[in-house]
*Asks:* 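The structure that follows is given in the form of structure tokens.
These numbers come from the heavy atoms of this one structure, side chains and all, not from hydrogens, waters or symmetry mates.
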Amino acid sequence: MKKLTLQSILGAVSSFMLFFLTVGFIVSCCMMLFISIFADTMDLTLTSDNVAAAAKVTFLNVILITLLFKLADYIRRKIMVERPTKIITEATAKIMSGDFSVRIKPMQSSGLEGFNQIAEAINRMAKELSSVETLRTDFIANVSHEMKTPLAVMQNYGTLLQTPNLSDEKRIEYAKGVTDGSRRMADMMTNILKLNRLENQQIYPQVTEFDLGEQLCECLLQYENVWEKAEIEIDTDIAENVRVKADAELLSHVWNNLFSNAFKFTPSGGTVTVTLTATEHHAVVKVTDTGCGMTPEVGAHIFEKFYQGDTSHSVQGNGLGLALVKRVVDIMQGEISVESAVGKGSAFTVKIRRA
């Protein structure tokens, strides 16, 4: 129950007086007008006793009407203002305390449309905050997992390196394990920093005009040793003189990640296909592999940070590459989509605005 204070009492008194003076003025004017017209019409003479009696009745009527108005206004405020305000305030207090499951039910009373709009906005905010909190929790969990694995490997190999009378062959093998683990962590940290800067718009595109086909060939040639070692066949169909106006360095991250994934998931003897075509307004790059493919459920989440369809983590990666690709393509105001089937492979299609 709300505690009475001097300020609240003075507020109630001033509110009542405002009603009283308003009603008194209106009723007095109406009564004077009525009596004046009535006396003129009926040719009556008003005496002081009649006026005094009328004034007393008018005063009592003013008090009664004021009390009725005040009561009606009190009830109106309780129902139309204080009740919805309390509901909204309690909901926002829960949200501030970290409970993002709060939802405000629509208020059915007429005249509460404005409060319903506020409640709807708060519901949307709580839903978005809940999603952000889930992403944050998953982010921390995934980062911890991804860091724990290479750290454990490095720790084990570091311990083995301390073994007395270790042969040169074993020493090189264990040192390579430490190096690979540290490189994996460094790559993950680099991708996290890049993605964070992109998401916070701390990297602004340096737009230049260049030949997209040449850039694709340069990026693809960087993986020559990879496809030769894995005996993967390369099939290209790259149109000539397809020029785009974009940030060449950022786009190179897109192609490098797509090529890396294609070679990573394509088995020995498989094929990776790269095509470049041009429409009137877009350059269309398609990277296709004959790897393991993925289910529609996995495909729906592959652009999320740290998401990996291979829950066993048997394939090296940290789930940041495609999130980085998606963010770069969005900054370039382009489009990216994927088509995939289990056992048949995947095809990533990227559309970039032409110059």
*Asks:* Which distance, rounded to the nearest 0.5 Å, do you find between the NZ of Lys105 and the CG of Asn123?
*Replies:*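 Reported value, rounded in 0.5 Å steps: 11.5 Å.
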*Asks:* Evaluate the side-chain proximity of Asn256 to Gln222: yes if any heavy-atom separation is below 4.5 Å, no if none is.
*Replies:*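 The answer is yes; the side chains approach within 4.5 Å.
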*Asks:* With side chains defined as the heavy atoms from C-beta onward, is the minimum distance between Thr271 and Thr266 less than 4.5 Å?
*Replies:*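 No, their side chains stay 4.5 Å or more apart.
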*Asks:* Which heavy atom in Gly158 sits nearest to a heavy atom in Val178, and how many Å separate them?
*Replies:*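 Minimum heavy-atom contact is N-CG2, 4.1 Å.
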*Asks:* To the nearest 0.5 Å, what is the distance between CG (Asn241) and CG (Leu212)?
*Replies:*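 Output value for this atom pair is 12.0 Å.
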*Asks:* CD of Glu169: more than 12 outside heavy atoms within 6.0 angstrom?
*Replies:*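 Not buried by this count: 12 neighbours or fewer within 6.0 Å.
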*Asks:* Looking at side-chain heavy atoms only, is the closest gap between Leu220 and Trp255 below 4.5 Å?
*Replies:*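 Not in contact.
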*Asks:* When you look at Phe259 and Leu216, which way does the side-chain contact (heavy atoms from CB on, under 4.5 Å) test go after all the steps?
*Replies:* CA-CA 10 Å; Phe259 294 158; Leu216 286 171; 4.1 Å; yes
*Asks:* Please say yes or no: joined through hydrophobic side-chain contacts below 4.5 Å, possibly via intermediate residues, are Val284 and Val329 part of one cluster?
*Replies:*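 No; tracing contacts between hydrophobic side chains, which count when under 4.5 Å, never links both residues.
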*Asks:* Could you check whether atom CZ of Arg77 has more than 12 heavy atoms from other residues, nucleotides or ligands sitting under 6.0 Å from it?
*Replies:*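 Open.
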*Asks:* Could you tell me which non-hydrogen atom of Gly291 sits nearest to which non-hydrogen atom of Asp289, and how far apart they are?
*Replies:*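 Of all heavy-atom pairs spanning Gly291 and Asp289, the closest is N-OD1, 2.9 Å.
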*Asks:* At what distance, to the nearest 0.5 angstrom, does CD of Glu82 lie from OG1 of Thr89?
*Replies:*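 Spacing of CD (Glu82) from OG1 (Thr89) equals 11.0 Å.
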*Asks:* When rounded to the nearest 0.5 angstrom, what is the spacing between CG in Leu160 and CZ in Arg171?
*Replies:*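 Rounded to the nearest 0.5 Å, the CG-CZ separation comes to 14.0 Å.
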*Asks:* With the side chain counted from C-beta on, respond yes when Arg354 and Arg243 share a heavy-atom pair under 4.5 Å apart, and no when they do not.
*Replies:*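 The answer is no, as the side chains (C-beta and beyond) never meet within the 4.5 Å cut-off.
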*Asks:* About how many Å separate CE of Met107 and CD1 of Ile118, when rounded to the nearest 0.5 Å?
*Replies:*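 So the CD1 of Ile118 and the CE of Met107 are separated by 8.5 Å.
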*Asks:* Would you mind reporting whether Thr273 and Ile234 have side-chain heavy atoms less than 4.5 Å apart?
*Replies:*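 No; the side chains remain at least 4.5 Å from each other.
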*Asks:* Quick one: do Val207 and Asp247 satisfy side-chain contact (heavy atoms from CB on, under 4.5 Å)? Show the steps, please.
*Replies:* CA-CA 5 Å; Val207 178; Asp247 188 316; 5.6 Å; no
*Asks:* Just wondering, do His282 and Thr279 contact through their side chains at under 4.5 Å, heavy atoms?
*Replies:*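 SC-SC contact between Thr279 and His282 confirmed.
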*Asks:* Treat each ILVMFWY residue as a node, draw an edge where side-chain heavy atoms are under 4.5 Å apart, and state whether Met125 and Ile88 are in one component.
*Replies:*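 Yes; Ile88 is reachable from Met125 via cluster members.
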*Asks:* Considering only NZ, NE, NH1 and NH2 on the basic side and carboxylate oxygens on the acidic side, decide whether Glu120 and Arg124 come within less than 4.0 Å.
*Replies:*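 A salt bridge links Glu120 with Arg124.
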*Asks:* Could you check if a side-chain atom of Lys286 sits within less than 4.5 angstrom of a side-chain atom of Phe348, using non-hydrogen atoms only?
*Replies:*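 They are not in contact (no side-chain heavy atoms under 4.5 Å apart), so the answer is no.
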*Asks:* Same cluster for Phe115 and Ile75 if Ile/Leu/Val/Met/Phe/Trp/Tyr side chains link at under 4.5 Å?
*Replies:*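 Looking at the clustering, Ile75 is in the same group as Phe115.
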*Asks:* Would you check if Glu335 and Val350 make a side-chain contact, meaning some heavy-atom pair closer than 4.5 Å?
*Replies:*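 The answer is no, as the side chains (C-beta and beyond) never meet within the 4.5 Å cut-off.
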*Asks:* For the residue pair Phe263 and Trp227, categorise the inter-ring angle as parallel (less than 30°), tilted (30 to 60°) or perpendicular (more than 60°).
*Replies:*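 The rings of Phe263 and Trp227 sit tilted, inter-plane angle from 30° to 60°.
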*Asks:* Looking only at heavy atoms, what is the nearest atom pair of Pro267 and Ile232, with distance?
*Replies:*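 Here Pro267 and Ile232 meet closest at O-CG1, 4.0 Å.
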*Asks:* side-chain contact (heavy atoms from CB on, under 4.5 Å) between Leu166 and Leu161: does it pass, once the steps are laid out?
*Replies:* CA-CA 7 Å; Leu166 191 66; Leu161 281 170; 4.2 Å; yes
*Asks:* Testing the 3.5 Å rule here: is there a donor-acceptor pair between the side chains of Ser346 and Ser340?
*Replies:*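 Their side chains do contain a donor-acceptor pair, which is all the 3.5 Å distance test asks for.
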*Asks:* Let's go through His253 and Leu250 carefully: what are the C-alpha distance in whole Å and the side-chain angles of both, what is the deciding distance for side-chain contact (heavy atoms from CB on, under 4.5 Å) to 0.1 Å, and is it a yes or a no?
*Replies:* CA-CA 5 Å; His253 292 309; Leu250 286 180; 4.3 Å; yes
*Asks:* To check you understand the geometry: which heavy-atom pair defines the closest contact between Ile238 and Gly213, and what is its length?
*Replies:*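 Reported closest heavy-atom pair: CG2-CA, 3.7 Å.
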*Asks:* Drop me the distance from Lys245's NZ to Ile352's CD1, to the nearest 0.5 angstrom.
*Replies:*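 Atom-to-atom, Lys245:NZ and Ile352:CD1 are 14.5 Å apart.
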*Asks:* Indicate, with yes or no, if Met154 and Ile172 share a hydrophobic cluster defined by side-chain heavy-atom contacts under 4.5 Å among Ile, Leu, Val, Met, Phe, Trp and Tyr.
*Replies:*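 No, no single cluster joins them.
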*Asks:* Which heavy-atom pair separates Val102 from Ala126 by the least distance, and what is that distance?
*Replies:*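 Scanning both residues completely, I find the closest heavy atoms to be O-CB, 3.7 Å.
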*Asks:* Within the distance-only criterion (no hydrogens, no angle test), does the side chain of Gln215 pair as donor or acceptor with the backbone N or O of Ala248 below 3.5 angstrom?
*Replies:*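 Yes; judged by distance alone, with no hydrogens or angles, the pair exists.
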*Asks:* Do you know the tightest heavy-atom contact between Ala283 and Leu276?
*Replies:*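 It is CB-CD1, 4.3 Å.
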*Asks:* For Ser101 and Asp99, test the side chains for any donor-to-acceptor distance below 3.5 angstrom and give the result as yes or no.
*Replies:*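 Ser101 vs Asp99: donor-acceptor pair found between side chains.
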*Asks:* Answer yes when Glu173 and Lys170 have at least one side-chain N-carboxylate O distance shorter than 4.0 Å, and no when they do not.
*Replies:*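 A salt bridge is present here (some side-chain N lies under 4.0 Å from a carboxylate O).
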*Asks:* Among Asn257, Val338, Ile336, Ile302, whose side chain to side chain contact (heavy atoms under 4.5 Å, CB included) with Leu322 holds?
*Replies:*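 Only one option passes, and that is Ile302.
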